[in-house]
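Counting starts at 1 for both ligands and their atoms, in listed order. Atoms considered below: every heavy atom in the structure, side chains included; atoms not considered: hydrogens, waters and symmetry mates.
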Amino acid sequence: MSNNPDIANPARTQAILNTYHLSAKKSLGQNFLTDLNILNNIVEAADITDEDNVIEIGPGIGALTEQLAKKAHKVVAFEIDQNLLPVLDETLSPYDNIKIINQDILKANLPQIVEQEFESNKSLKVVANLPYYITTPIILDLLKNPVEFDTIVVMMQKEVAKRITANPDNKDYGSLSIIVQEMKQAEIAFEVPRTAFVPQPNVDSAIVKLSNEATFAIEPFDQSKFFGFVRGCFMHRRKSFWNNLLGIFGKDPEVKQKITAVLDEVKVSPSIRSEQLTIEQFIVLCNAFHRAGLV
Ligand code: SAM
C-alpha cells in the first residue's frame, strides 16, 4: 500500500492535476470527487465485497476506482481521455486488481471484455460517477446490453435521477422513468452537493441504484417497439393521450376507429394525460395496439 493519502481529497486532487499539467475537461464531463465519505457511501450503496467484479465508467484520476479496488475482487475501468492514463498508472499503482481500458464506453464490446477480464463465478456490478453529458445513453446502453449486471450504482445530475426514479402523476415521470423501470427497480440512494467536486459543476447530483429485475404481470411484445411507443406518448406532454396517439399513428379515420376500439378494450380514457398511466398500463396498451396492427 502506498503512503499517499487517498486520492479523494481536494489538496491531493489539485496536486495531481498540477503535476501532470492537466485541467479538468468540461467537454468530457470531468468533475472529480474529492469527498472520501461520499465515495465510501457509493461503495456501500453498491454493497461491494470481494465476491464482486466491478465495471467503472470514467475513472478520472482514480478516486472512486481506488475505493472500489479496496473492496472488490477486480475493477475494470473505461476512460476515454488518454491524457489521464499516466495519472492513473501512478495513482492506482498500489492496487493489482485494476485494469484501465482507454475506450469510449459507448463503443466498448462489453460481452467480449467481460468474458476476457472477469471470472464468471463472481457477481458483476457497475459503479460510476458518470460524465453528465452522456448519462442517459450510457444507462440505456447498459440496460439493453446482453451482459447482465447484478446492480448498477451511478452518480448523475439530480434532475435526471428524479426523472429515472419518478412515479406516475409526477412532473418528472416520463419516457425515461418508464423505459428504465420497466427493466429494473430504481431508487435514489442519496444526493450529493456540488461542493463535493473539483471543479464544482453547476448542478447538484444524486446516486441512483438500479437493482433487481422489475416484475410486471405482463411483458411488452417487443422491447424496442415498446420504448418507441412510450417515447411517442410523451412527445407532447401538454396534450392529451389521445392527441399523442394521433401524433404516433396518424389521423386517418380508420386509424382513429382502431385507437378508439383499443382504448375501449383496455378501459383507458382518451382524455387522460400520458403521465397518469402506470408502466403496466403502457405495456397493456402497447401490446393491444400491436394486436390492432398499429405498433
Ligand atoms: N470517477 C472520477 C471521480 O469520481 O472523481 C471521475 C468522474 S468524471 C464525472 C467522468 C469521467 O468520465 C471523466 O474522467 C471523463 O474523462 C470520463 N468520460 C467521459 N466520457 C466518457 C466515455 N464516453 N467513455 C469513458 N469515459 C468517459
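Nearest protein heavy-atom contact of atom 19 (C) of ligand 1 is Leu28 O, 3.2 Å. Looking from atom 5 (O) of ligand 1 to the surrounding protein, the closest heavy atom is Leu33 N, 2.8 Å. Nearest protein heavy-atom contact of atom 4 (O) of ligand 1 is Asn129 ND2, 2.8 Å. Among protein heavy atoms, atom 2 (C) of ligand 1 sits closest to Pro59 O, 3.3 Å. Taking atom 20 (N) of ligand 1 as the reference point, the nearest protein heavy-atom neighbour is Tyr133 OH, 2.9 Å.
The contact set between ligand 1 and Leu130, taken as ligand atoms under 4.0 Å from a residue heavy atom, comprises 9 (C). Shown in contact with Asn31 at under 4.0 Å from a heavy atom are these atoms of ligand 1, numbered in order with element: 7 (C), 8 (S), 9 (C). Every atom of ligand 1 is numbered from 1 in the order shown, and the set under 4.0 Å from a heavy atom of Gln103 is 24 (N), 25 (C). Those atoms of ligand 1 with a heavy atom of Phe32 less than 4.0 angstrom away are 5 (O), 6 (C). Within the listing of ligand 1, atoms 25 (C), 26 (N) sit less than 4.0 angstrom from a heavy atom of Phe78.
Within the 3.5 Å criterion, the main-chain N or O of Ala46 finds a donor-acceptor partner in the side chain of Lys125. Looking at Gln30, its side chain does come within 3.5 Å of a backbone N or O of Lys25 through a donor-acceptor pair. Remark: side-chain polar atoms of Glu79 are paired, donor with acceptor, to backbone N or O of Gly60 under 3.5 angstrom. Remark: the backbone N or O of Met155 is not paired with any side-chain donor or acceptor of Asn129 at under 3.5 angstrom.
Heavy atoms of Leu106 come nearer than 4.0 angstrom to ligand 1 in no pair at all. At least one heavy atom of Glu56 sits closer than 4.0 Å to an atom of ligand 1.
Ligand 1 has an N or O atom lying under 3.5 Å from an N or O atom of Ile105, backbone or side chain.
Within a 6.0 Å sphere centred on CD of Gln185, heavy atoms belonging to other residues, nucleotides or ligands number more than 12.
A heavy-atom distance below 4.5 Å is not found between the side chains of Ile48 and Val153. Side-chain atoms of Phe289 and Ile248, non-hydrogen and from C-beta on, never get closer than 4.5 Å to each other. Taking 4.5 Å as the limit, every side-chain heavy atom of Lys122 sits out of range of all side-chain heavy atoms of Lys74.
By heavy-atom distance, the residue among Gly58, Gly60, Ala24 lying nearest atom 1 (N) of ligand 1 is Gly58. Checking Gly29, Ala63, Ala77, Gly62 against atom 8 (S) of ligand 1, the nearest heavy atom belongs to Gly29. Within the set Glu79, Gln67, Gln82, Gln30, the minimum heavy-atom distance to atom 14 (O) of ligand 1 is found for Glu79. The heavy atom nearest to atom 27 (C) of ligand 1, out of those in Thr34, Asp35, Ile80, is found in Ile80. In this structure, of Asp104, Ile42, Thr13, the residue bringing a heavy atom nearest to atom 23 (N) of ligand 1 is Asp104.
Side-chain atoms of Glu182 and Gln223 include a donor-acceptor pair closer than 3.5 Å.
In Ala8, neither the side chain nor the backbone holds a heavy atom less than 4.0 Å from any atom of ligand 1. Proximity of Leu39 to ligand 1, defined as any heavy-atom pair under 4.0 Å, is not found for any part of the residue. Contact annotation: for Tyr132 versus ligand 1, there are no heavy atoms closer than 4.0 Å.
The side-chain contact (heavy atoms from CB on, under 4.5 Å) test with Ile61 is passed by exactly one of Val198, Val87, Leu33: Val87.
In this structure, Phe249 and Phe229 have parallel ring planes: the angle between them is below the 30° cut-off, well short of the 60° mark. The aromatic rings of Phe282 and Phe241 stand perpendicular to each other, their planes meeting at an angle above 60°, with 30° marking the opposite boundary.
Across Gly232 and Asn244, no two heavy atoms sit closer than the pair O-OD1, 3.7 Å.
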